[in-house]
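To start, the structure itself, in structure tokens.
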Protein chains: 2
Amino acid sequence: MSPRHPSDDRAPNQVDVARLAGVSTQTVSRVMSGQQNVRPETARRVLAAVEELGYRVHAAAASLASGRTRILGVIVVSTDRYSTAALGVGIQQAAAEHRYTVTTAAVADHASADAFVEAFDRLERQGAEGIILGVPVELDSPAMRLRTARTPSTRNERLSMHPDAPLIIDQHAIARQAVEHLLDLGHKTVWHVPGDEYWLETRQRRETWEQVLTERGITPPPVIPGDWTPESGYRAGRTIAAIPEATAVFVSSDEMAFGLIRALHEAGRRVPEDISVVSVDDIALAGFASPALTTVRQPFEQMGRAAALRLIAQLEGVEISDAPEDVHPELIVRSSTAAPRG
Amino acid sequence: MSPRHPSDDRAPNQVDVARLAGVSTQTVSRVMSGQQNVRPETARRVLAAVEELGYRVHAAAASLASGRTRILGVIVVSTDRYSTAALGVGIQQAAAEHRYTVTTAAVADHASADAFVEAFDRLERQGAEGIILGVPVELDSPAMRLRTARTPSTRNERLSMHPDAPLIIDQHAIARQAVEHLLDLGHKTVWHVPGDEYWLETRQRRETWEQVLTERGITPPPVIPGDWTPESGYRAGRTIAAIPEATAVFVSSDEMAFGLIRALHEAGRRVPEDISVVSVDDIALAGFASPALTTVRQPFEQMGRAAALRLIAQLEGVEISDAPEDVHPELIVRSSTAAPRG
DNA sequence: TTGTATGCGTTATCAG
DNA sequence: CTGATAACGCATACAA
């Protein structure tokens, strides 16, 4: 019944198509890869044969022959954090537009440097032509340098889109906007609840928090520990509620801010009347906290997009025109901050 | 200096290793794939050569020869929704444990059925041996049936882990637990804010909501529209606040519940004293809403894990022992529900 | 515009 | 336990 070789249950290949269409395999290859130098009539015959047999290019064979895989690798931690997911959206989009495929290697939270090297290896072995390091730690071991030297890769955290600049969201700018917003409102000092120590972002934001305070002649108060989770924010909130002179807090994530504000409320301290809170991320729920969160938005999606596009440009040796402009973190002022009470 | 062929910048291959180790390529292959029938001393020599040359197996070549890719495909929508991300965590874990790689194809929200077929094709072409359909819609077009017939795939929504049962979280059970909880508290009826109509889950939950009410002789009130976003929850909340007789609401996601509760508060209706709210998901922030959300937890991570394991079992023709037991949605009672006021 | 020949790096088969 | 040899399916010269 079917036109396929009845006795053969293997998938149809180029040869089968060529035979059925009455052309050479070379022509089939040309048609499949969309090259122009094929007579329309011939192409039509080939396509008809393809359709009839249900032929599809065998990626492994094509890769082996061409040396290209069109695979982008992504290494991430905490797959279910908002930042990771949002980054992924941008990467997926850009990759799909340029007919790349993306494969993800998830690394356990708090994993050692070795785990990242292993993930890199997995991705390389799998044929990834470029790798996006969506990771929260510095990777400057010799082993990692060896790998990033041979496979193009991108650490996605700095702000600038200039082709030679590192690609990262500027954590210092985030912290500076947050802290200066509070100081400009008239607060005498700003307390800080950082994220998990494992994350590079955590350290960078804390440094800048300290620096901005110091610039204004303020001695930074002790850090109140946090680890990104709302629970840790809650604990930090209880601590801060017990500090009468505290009037302003810079928390390193929106999720922690939810916990923090709840603890403050339970302790009878009002936000923002008694204590102002500014956080980071601008997750979908940020505007629906009580009060709505003043927060510094991180442009994750654009960043993911930019990282993928830059990698693709590098792989193809071309300029990519649709890369986003420089993207910046942006302070979104809502209702969790106010001037201190006279 | 280096032992690599100095004039050659191509990656080392099996032949190079075999030559350096003084064995055949076959033996190299055996060592790399961890087969046991190699003399330890020989294996050691091979490994040394591998190390020295920095050799790594070329995946495309291995695939071509073996016919296996060890690639799992995943099709998802709304990559940044909590459900999608959480599912991914489970899939990634299970895949990694069994040395599979996962590549994701993201489909635009509200995409047509064709988009899923295309995504399936991309993944197949890429060599995916099995595909997890982490999608919110029914896919029973002829085109899709053709594909799922030739490539093992899994729709991840039903509850049971029995090998022949569909693999899905039981949406009817979710809705039933939510609605019965409210009715059992003594509420006369339950209003409903569904998710986006595009999602199968939305329709299933609404059906069950209607059914449970009907079972108890209650005529379901009109549905208040929602689309998963907190904004839509807020709008629904304003609507409901204007309905004096409303005392209980079943909202189809935690995120919408945040918006809904805020709108109720703004309208002067207290939760749970005036209106009880139960939602679905149990996201990390659910316990930090004001009041803390009573919600039905969906076991996304276990579901992802189960889907991947089942697929792998099928691909290898083996029983997988570490598959999770049946997993069930679970009602988490917090503070957003209470008996109606006398 | 189209066809022929060759090689990509590995695994599988079979022999030793 | 080890080795020789033949596929695997496609793309890329190069030739016609």
Side-chain angles (χ1 to χ4, degrees), chain A residues 4-5 8-47 49-50 53-71 99 124-127 129, chain B residues 4-5 8-47 49-50 53-71 99 101 124-127 129 316:
Chain A
R4 302 166 96 125
H5 305 232
D8 231 357
D9 63 347
R10 73 182 217 298
N13 63 19
Q14 223 179 39
V15 175
D16 299 326
V17 175
R19 189 159 34 214
L20 181 58
V23 299
S24 71
T25 60
Q26 179 53 244
T27 299
V28 176
S29 174
R30 275 192 277 258
V31 171
M32 294 311 285
S33 61
Q35 290 175 39
Q36 294 309 319
N37 48 345
V38 177
R39 191 152 31 106
E41 165 53 20
T42 309
R44 199 164 11 244
R45 279 219 313 287
V46 170
L47 260 9
V50 165
L53 295 174
Y55 167 76
R56 31 234 305 157
V57 174
H58 185 112
S63 294
L64 183 56
S66 71
R68 302 242 14 216
T69 60
R70 301 191 83 81
I71 294 177
R99 302 192 6 263
E124 271 187 325
R125 200 181 320 133
Q126 224 284 309
E129 299 186 44
Chain B
R4 302 165 95 125
H5 305 233
D8 231 0
D9 64 346
R10 73 182 218 297
N13 64 18
Q14 225 179 40
V15 175
D16 300 326
V17 175
R19 188 160 33 216
L20 181 59
V23 299
S24 72
T25 60
Q26 183 50 239
T27 298
V28 176
S29 174
R30 275 192 275 257
V31 171
M32 294 311 285
S33 61
Q35 289 176 40
Q36 294 309 319
N37 48 344
V38 177
R39 190 153 30 110
E41 164 54 20
T42 309
R44 201 165 7 245
R45 278 217 315 285
V46 170
L47 260 9
V50 166
L53 294 175
Y55 167 75
R56 32 234 303 159
V57 175
H58 185 113
S63 293
L64 182 56
S66 70
R68 302 242 15 217
T69 60
R70 301 192 84 81
I71 294 177
R99 303 195 2 265
T101 242
E124 272 187 325
R125 201 179 319 133
Q126 225 284 308
E129 299 186 43
E316 321 223 308

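As the structure is a computational prediction, the values presented were derived from the model and not from experiment. Sequence lines set the chain letters: A, B, ... in the order given, protein chains first and strands last, and positions in each chain run from 1.
Counting only heavy atoms from C-beta outward, the side chains of A:Val57 and A:Gln14 never approach each other to under 4.5 Å. Between B:Met32 and B:Arg30, every side-chain heavy-atom pair lies at or beyond the 4.5 Å cut-off. A 4.5 Å side-chain heavy-atom check between A:Arg45 and A:Val23 finds at least one atom pair inside the cut-off.
Between A:Pro40 and B:Ser63, the one whose closest nucleotide on DNA chain C sits nearer the 5' end is A:Pro40.
A donor-acceptor contact under 3.5 Å links the side chain of A:Arg30 to the base of C:dG3.
If you check every strand for non-hydrogen atoms under 4.0 Å, A:Thr42 touches sugar and phosphate atoms only. A:Arg68 comes within 4.0 angstrom of nothing in the nucleic acid, heavy atoms only. Within the nucleic acid shown, A:Val28 has no heavy atom closer than 4.0 Å to any nucleic acid atom. Using a 4.0 Å heavy-atom distance criterion, A:Val15 is classed as making no nucleic acid contact.
Side-chain nitrogen and oxygen atoms of A:Thr25 include none within less than 4.0 Å of the OP1 or OP2 phosphate oxygen of D:dG9. At least one side-chain nitrogen or oxygen of A:Ser29 sits closer than 4.0 Å to the OP1 or OP2 atom of D:dA11.
Per the geometry, CD belonging to A:Gln14 stands 12 Å off P belonging to C:dG3, to the nearest Å. We find that CZ of A:Arg56 is positioned 12 Å from P of D:dC10, with the value rounded to whole Å. When rounded to the nearest whole Å, the span between CE of A:Met32 and P of D:dT12 equals 15 Å. Across the protein-nucleic acid pair, B:Arg70 atom CZ and C:dT10 atom P stand 17 Å apart, rounded to whole Å. As rounded to whole Å, 12 Å separates atom P of D:dG9 from atom CZ of A:Arg19. Distance A:Leu53 CG to D:dG9 P: 14 Å, rounded to the nearest Å. Straight-line distance from the CD atom of A:Glu41 to the C1' atom of C:dT1: 13 Å, rounded to whole Å.
Candidate nucleotides C:dT11, D:dG3, C:dG3 were compared by shortest atom distance to the side chain of A:Gln26, and C:dG3 ranks first.
Rounding to the nearest 0.5 angstrom, the gap separating the CG atom in B:Asn13 from the CG atom in B:Leu53 is 9.5 Å. Note: A:His58 NE2 to B:Glu124 CD = 12.5 Å, rounded to the nearest 0.5 Å. Here CZ of B:Arg70 is found 10.5 Å from OG of B:Ser63. Values are rounded to the nearest 0.5 Å.
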Show me the protein contacts with nucleotides 6-8 of chain D, counting only N or O atoms at under 3.5 Å.
residue, atom, partner, partner atom, Å
D:dC8, O2, B:Ala65, N, 3.4

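Using modelled atom types and a 3.5 Å distance limit, the side chains of B:Thr101 and A:Gln126 yield no donor-acceptor pair.
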